[in-house]
Asker: 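Structure in structure tokens, see below.
The basis for the numbers below is simple: all heavy atoms, side chains too, and nothing from hydrogens, waters or symmetry mates. Residue numbering restarts at 1 for every chain, and letters A, B, ... go by the order of the sequence lines.
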Amino acid sequence: MSKPEGVEISSVDGMNNERIADAFDEVADLLEFTGSNPFRVRAYRNAGRNIRGLPQSLRDAVDRGEDLTQIEGIGDDLAGKIVSLATSGRLEMLEELRARIPEGVMALLRIPGVGPKKAALLFKELGIRSLDELKTACEQGRVRELKGFGKKTEEGILKGIDVAAQANQRMFWSEADEIAHALRLHMRACSPMEQLEFAGSYRRGKETVGDLDMLVVSSDIAAVMDRFAAFPGISTVIGRGETKMSVRLDSGLQIDLRVVPRESYGAALQYFTGSKEHNVIVRGMAKQAGMKINEYGVFRVEGERETYVAGASEAEVYATLGLPLFPPEMREARQEFDWARQGELPRLIELADLRGDLHMHTTATDGAASIEQMVAAARQRGLEYIAITDHSQRVSMARGLDATRVLAQWTEIDRIRRDLDESFVLLKGIECDILEKGGMDLPDDVLAQADWVLASVHYGQRQSRSEITERILGALDNPYVTAIAHPTGRLLNQREPYEVDLEAVFQRAKERGKILELNANPHRLDLNDLHCATARQLGIPIVISTDAHSVNGLDVMRYGILQARRAGLTREDVINTRPWSELRKFLRRP
DNA sequence: GCCGTTTTCGGCCCGACTGTTTTCAGTCG
């Protein structure tokens, strides 16, 4: 259970914005469980979200004695809590909450149909502290005796415990995309259907998707629901009402269907695309303007009377508030409303803007295709240049290249270049490891001969914060390194990021004029959207790369583009939208 | 707990569905 150091959130050294935001999120979860005022809970969540989006370090701001209440969503109270976290690494309130609520109890909230109220009752009345204990209580029929519970609730909980056990695993966007595609085809057999679109976090392009939301316009609701119920892989129908139906697939993925009238389609699409936080602001604005927005439309409110104003398209819903049609990826209540106010909505990057791919492997190390095959595949995809960046020798499992082999590969690249016409550029690159004790895996005089040098960490990922940060800062100091690949090392649902101090990395990258990678592999997506947004605010260029290990690996670029769009990146922020001739001048090589 | 061209208190987005209730609370998105 709670370790002796459990009360200490982190060493002061490790208190960056991310950890402060984590502390506030945890407070919000725990407060919600205690049945605290929901708006108070929201205040902590808002603060956490805003802190994650800040480009500057809160720790530095505290050191300089800056007024933290200038930050959106931070008042006197939370400012004090930030100071406490930044200077001592502790938050008394959080420690008290943790002491009051056992860790396992929070897992109860992951059961579908169990929220803070029911979970609190289970804990208080039956002393349940974990999913296992709850399972036993259900089997003994003790849960149905509680006030507000019954036989059906007990059965539902028993079923839901398995869901909860795996519920922290959100599906990769790329997997959700495949299911959405299959479902769209399946629904096509339904004749009276006018429109079908997927909303929710899937439409916003989030890196992982918790469930799918499907929106349909049709005059025959029953036919749509019947067809939906026949989708292969459905394990249970969770509910079916007059306009709404929910199912769960064998894989655990929940899919919600809403059928709406034509005049409400845009309002419903806007509503179900979210995010929740974005919609809270939109609805607040409507209210101030004497209107009301729900999933059926925009209504002018005059006393008791409500008149439909708009709702058929998303654009007209936003237009009633003088707002632009925000791309779905932007709807996270971060900066989009400020941008709209200033009339400066960034024109988000698109896949077609990319001209090159600067991270890929070949059969020389752990790739599946030859250099020529990668060149042909890249040209087929409309690219103008690529860099071959195989592993360096330290990555022995991938048969990483030593100095002799990499120089031989570059000689071969010279040979292949001679056969290429001028419309395509093949670059000599390397993904050079940053060694555990610091320093690069290949000598400078070798790196100096490359067109493009990626530096990355593959070993010693569990080093302390200061060790791993120093390694990466050292790589940024190397004059031949052009970019840091997958800078945090995280693998979604699988591996936490390194303990690296990204604020320090951003600072050094800016000073040295280096580039940071957004790795487009759907399991990596590293840097994440918030990191990329911060890089943009600091003026650090981003390179979006596939890290392809095969010809088909080049196709993951679109996942990277979605992530970049969520970060608000434009083509100007991304270095490989430029032609190589221009990019080359940008690189500061000695 | 935050916030203010309805300002320092009283708001804070809105509706569908379910289960356990007899008119509604809890959960979800």
Side-chain angles (χ1 to χ4, degrees), chain A residues 24 27-28 31-33 35-50 68-82 93 108-122 143-157 160 167 199-204 209-215 221 237-246 248 254-260 264 267-299 301 306 321 333:
Chain A
F24 284 168
V27 168
L31 281 178
E32 188 167 44
F33 178 82
S36 170
N37 176 353
F39 299 107
R40 189 178 171 211
V41 173
R42 188 203 281 173
Y44 279 94
R45 293 238 161 84
N46 272 340
R49 206 187 54 249
N50 292 338
L68 301 175
T69 62
Q70 292 303 304
I71 301 166
E72 180 94 17
I74 305 296
D76 287 339
D77 183 88
L78 290 183
K81 291 191 163 88
I82 290 172
M93 175 199 198
L108 304 183
L109 297 177
R110 295 207 301 265
I111 301 170
V114 175
K117 291 279 183 341
K118 283 203 168 77
L121 209 63
L122 288 165
V143 171
R144 73 181 72 172
E145 305 297 331
L146 289 176
K147 188 171 190 276
F149 288 62
K151 195 157 177 291
K152 281 207 164 179
T153 308
E154 190 179 79
E155 284 167 8
I157 287 174
S201 55
Y202 168 72
R203 183 162 180 249
R204 299 202 310 280
V209 173
D211 56 24
L212 271 180
D213 304 288
M214 182 168 63
L215 203 62
I221 295 175
V237 174
I238 299 166
R240 176 170 172 167
E242 286 177 22
T243 63
K244 185 181 168 185
M245 177 170 162
S246 295
R248 191 178 303 285
Q254 181 173 329
I255 308 178
D256 298 324
L257 162 72
R258 287 293 282 253
V259 187
V260 297
S264 302
L269 188 57
Q270 193 284 325
Y271 182 83
F272 290 110
T273 296
S275 67
K276 194 174 161 185
E277 292 78 12
H278 174 92
N279 283 353
V280 166
I281 294 174
V282 169
R283 267 150 245 294
M285 288 175 76
K287 200 166 180 177
Q288 279 206 331
M291 292 186 284
K292 185 177 91 171
I293 301 185
N294 57 28
E295 58 262 58
Y296 298 110
V298 184
F299 300 87
V301 182
E306 294 180 355
L321 297 172

Asker: Would you say A:F24 and A:L78 make side-chain contact, with heavy atoms under 4.5 Å?
Answerer: yes
Asker: Just the table, please: protein N/O against nucleotides 19-21 of chain B N/O, every pair under 3.5 Å.
Answerer:
from, atom 1, to, atom 2, distance (Å)
B:dG19, O3', A:T153, OG1, 3.0
B:dT20, OP1, A:G150, N, 2.8
B:dT20, OP1, A:G150, O, 3.3
B:dT20, OP1, A:K151, N, 3.4
B:dT20, OP1, A:T153, N, 3.2
B:dT20, OP1, A:T153, OG1, 2.8

Asker: May I ask you to say what A:T243 touches in the nucleic acid, namely base, sugar-phosphate or nothing, with a heavy-atom cut-off under 4.0 Å?
Answerer: sugar-phosphate
Asker: Looking at side-chain heavy atoms only, is the closest gap between A:N50 and A:I74 below 4.5 Å?
Answerer: no
Asker: Side chains of A:K81 and A:Y44: does their closest heavy-atom pair fall under 4.5 Å?
Answerer: yes
Asker: What does nucleotides 23-28 of chain B look like as a protein-contact string, B for base, S for sugar-phosphate only, - for none, at under 4.0 angstrom between heavy atoms?
Answerer: ---SSS
Asker: Without swapping roles, check the side chain of A:S275 against the backbone of A:H278 for a donor-acceptor pair under 3.5 Å.
Answerer: yes
Asker: Please report, rounded to the nearest Å, how far the P atom of B:dG15 is from the NZ atom of A:K276.
Answerer: 15 Å
Asker: Strictly by Watson-Crick or wobble contacts shorter than 3.5 Å, is anything paired with B:dG10, and which nucleotide is it?
Answerer: B:dC3
Asker: Rounded to whole angstrom, note down the P distance from B:dT20 over to B:dG26.
Answerer: 14 Å
Asker: So do A:T273 and A:R204 actually touch side chain to side chain, heavy atoms under 4.5 Å?
Answerer: yes
Asker: Heavy atoms only, 4.0 Å cut-off, all strands: where does A:N46 land among base, sugar-phosphate and nothing?
Answerer: nothing
Asker: Can you check the A:I82 CD1 to B:dG1 P distance for me, whole Å?
Answerer: 13 Å
Asker: Is the side chain of A:E154 donor-acceptor paired with the backbone N or O of A:R144 at a distance under 3.5 Å, no angle test?
Answerer: yes
Asker: What's the closest nucleotide to the A:N294 side chain, out of B:dA16, B:dC13, B:dG15?
Answerer: B:dG15
Asker: Can you tell me the distance, in whole Å, between the CD atom of A:Q270 and the P atom of B:dC14?
Answerer: 13 Å
Asker: Please determine if a side-chain N or O atom of A:Y271 lies less than 4.0 Å away from the OP1 or OP2 oxygen of B:dA16.
Answerer: no
Asker: Could you tell me if the side chain of A:T153 sits less than 4.5 Å from the side chain of A:L146, heavy atoms only?
Answerer: no
Asker: For nucleotides B:dT7 and B:dT23, find the distance between their P atoms and express it as a whole number of Å.
Answerer: 39 Å
Asker: With a 4.5 Å limit on heavy-atom distance, are the side chains of A:F299 and A:N294 in contact?
Answerer: yes
Asker: Could you tell me the separation between the CG atom of A:D77 and the C1' atom of B:dT8, rounded to a whole number of Å?
Answerer: 17 Å
Asker: Please report the shortest heavy-atom distance between A:N279 and A:Q270, naming the atom on each side.
Answerer: OD1-NE2, 2.9 Å
Asker: Would you classify A:F272 as touching base, sugar-phosphate or nothing, given that sugar-phosphate means primed atoms plus P, OP1 and OP2, and contacts are heavy atoms under 4.0 Å?
Answerer: nothing
Asker: Just the rounded figure in Å: distance from P of B:dC14 to CZ of A:R42.
Answerer: 11 Å
Asker: Taking the same atom, C1', in B:dG4 and in B:dC17, what whole-Å distance lies between them?
Answerer: 36 Å
Asker: Whole angstrom is fine here: how far is it from OH in A:Y296 over to P in B:dG15?
Answerer: 9 Å
Asker: Are side-chain heavy atoms of A:V114 and A:I157 found at a separation under 4.5 Å?
Answerer: yes
Asker: Once you round it to whole Å, what is the distance between C1' of B:dC14 and CZ of A:F299?
Answerer: 12 Å
Asker: When the C1' atoms of B:dT6 and B:dG10 are compared, how many Å lie between them, rounded to an integer?
Answerer: 12 Å
Asker: Any N or O donor-acceptor pair linking the side chain of A:D213 to the base of B:dG29 at under 3.5 Å?
Answerer: no
Asker: If we only count heavy atoms from C-beta on, is the A:K118 to A:I111 side-chain gap below 4.5 Å?
Answerer: no
Asker: Among residues 277-289 of chain A, which ones have heavy-atom contacts with DNA chain B below 4.0 Å?
Answerer: A:V280, A:R283, A:K287
Asker: Taking atom P in both B:dT8 and B:dC3, what distance in whole Å separates the two?
Answerer: 16 Å
Asker: B:dT22: syn or anti, with syn meaning chi within 90° of zero?
Answerer: anti
Asker: Mind checking the C1' distance from B:dT18 to B:dT22? Whole angstroms is fine.
Answerer: 16 Å
Asker: Using a 3.5 Å distance criterion without hydrogens, assess whether the side chain of A:N46 forms a donor-acceptor pair with backbone atoms of A:G73.
Answerer: no
Asker: Rounded to the nearest Å, what distance is computed from the CG atom of residue A:N37 to the P atom of nucleotide B:dC12?
Answerer: 12 Å
Asker: Could you check whether A:E32 pairs with A:R45 (Lys NZ or Arg NE/NH1/NH2 to Asp/Glu carboxylate O, under 4.0 Å)?
Answerer: yes
